[in-house]
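What follows is one structure encoded as structure tokens, with my remarks underneath.
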Amino acid sequence: MKNITNLSELLEIDNNIECRRRSPIVGIVLAVAGAAMLVASYLTKESAQLSTLLFTIGFIVLAAGIIVALGKRYRLSYRPTGEKISCRKMLFDPKERGRLYSCISKGDLDTLQSFSTSQSSSLMAILYTTPSGSISIVQVQEYVPHQYEPSTEPVIYHKQLA
């Protein structure tokens, strides 16, 4: 078995990448506003339409607030620029393996878009990147029974800042 660094391990030890904690305040405010609308719909007995409207909107806002408050707790960011790092998983046709490896070794990540992709495949590239492309981290993983395992070392590409 190969001893290859997993991409998640690299993200944890890289000093330029930080894991910022998201605040649940927005979700809590939405949940409280939704609950207030539900109470208002109960107290509004004069108009059945208004009561139904408040109940419906209150329920939707309450549900959205709960989802936002309990959603993703952290986000990755690139410390030198402060940009958010997004993750993208791309599944490729196994016939593209050679082209994929050569493209990644050359640092030509833009051509990954032209490769034939698949909905379910044994070959996956995980790409972490900032919107400006100031940093890109990519690793190819292959499916072995029940999980994807790294088949290449993670490769980091830095764009020179002007």
I'd like to know if [Y] and [X] are part of one continuous hydrophobic network [Ile/Leu/Val/Met/Phe/Trp/Tyr, side-chain heavy atoms within less than 4.5 Å].
X      : Y      : answer
Ile156 : Tyr128 : yes
Leu53  : Met37  : yes
Val29  : Ile67  : no
Phe55  : Ile66  : yes
Leu62  : Ile57  : no

Are more than 12 heavy atoms from other residues, nucleotides or ligands located less than 6.0 Å from atom [atom1] of [X]?
X     : atom1 : answer
Leu43 : CG    : yes
Arg88 : CZ    : no
Phe59 : CZ    : no

Work out which heavy atom in [X] is nearest to a heavy atom in [Y]; give both atom names and the distance.
X     : Y      : answer
Ser51 : Ser41  : OG-O, 2.8 Å
Lys84 : Pro131 : O-CD, 3.3 Å
Tyr78 : Thr130 : CB-CG2, 3.9 Å
Leu30 : Gly65  : CB-CA, 3.5 Å

Could you check if a side-chain atom of [X] sits within less than 4.5 angstrom of a side-chain atom of [Y], using non-hydrogen atoms only?
X      : Y      : result
Leu100 : Val140 : yes
Val155 : Ile137 : no
Arg97  : Leu123 : yes

Check the pair Ser77 / Glu83 against side-chain contact (heavy atoms from CB on, under 4.5 Å), numbers first and verdict last. CA-CA 5 Å; Ser77 64; Glu83 292 178 283; over 6 Å; no
Test side-chain contact (heavy atoms from CB on, under 4.5 Å) on Thr129 and Ser86; report intermediate values, then the result. CA-CA 6 Å; Thr129 187; Ser86 59; 4.3 Å; yes
Apply side-chain contact (heavy atoms from CB on, under 4.5 Å) to Leu54 and Thr44, showing your working. CA-CA 9 Å; Leu54 278 174; Thr44 309; 4.0 Å; yes
Spell out, as yes or no, whether a donor-acceptor pair under 3.5 Å connects the side chain of Ser122 to the backbone of Tyr143. no
Can a donor-acceptor pair be found, under 3.5 Å and without considering hydrogens, that links the side chain of Gln139 to the backbone of Thr152? yes
Walk me through it: do Tyr101 and Ser151 pass the test side-chain contact (heavy atoms from CB on, under 4.5 Å)? CA-CA 10 Å; Tyr101 288 160; Ser151 62; 3.1 Å; yes
CE (Met90) and CE (Met124) are apart, to the nearest 0.5 Å, by 10.5 Å
Spacing of CD belonging to Glu96 relative to OG belonging to Ser102, to within rounding of 0.5 Å: 10.0 Å
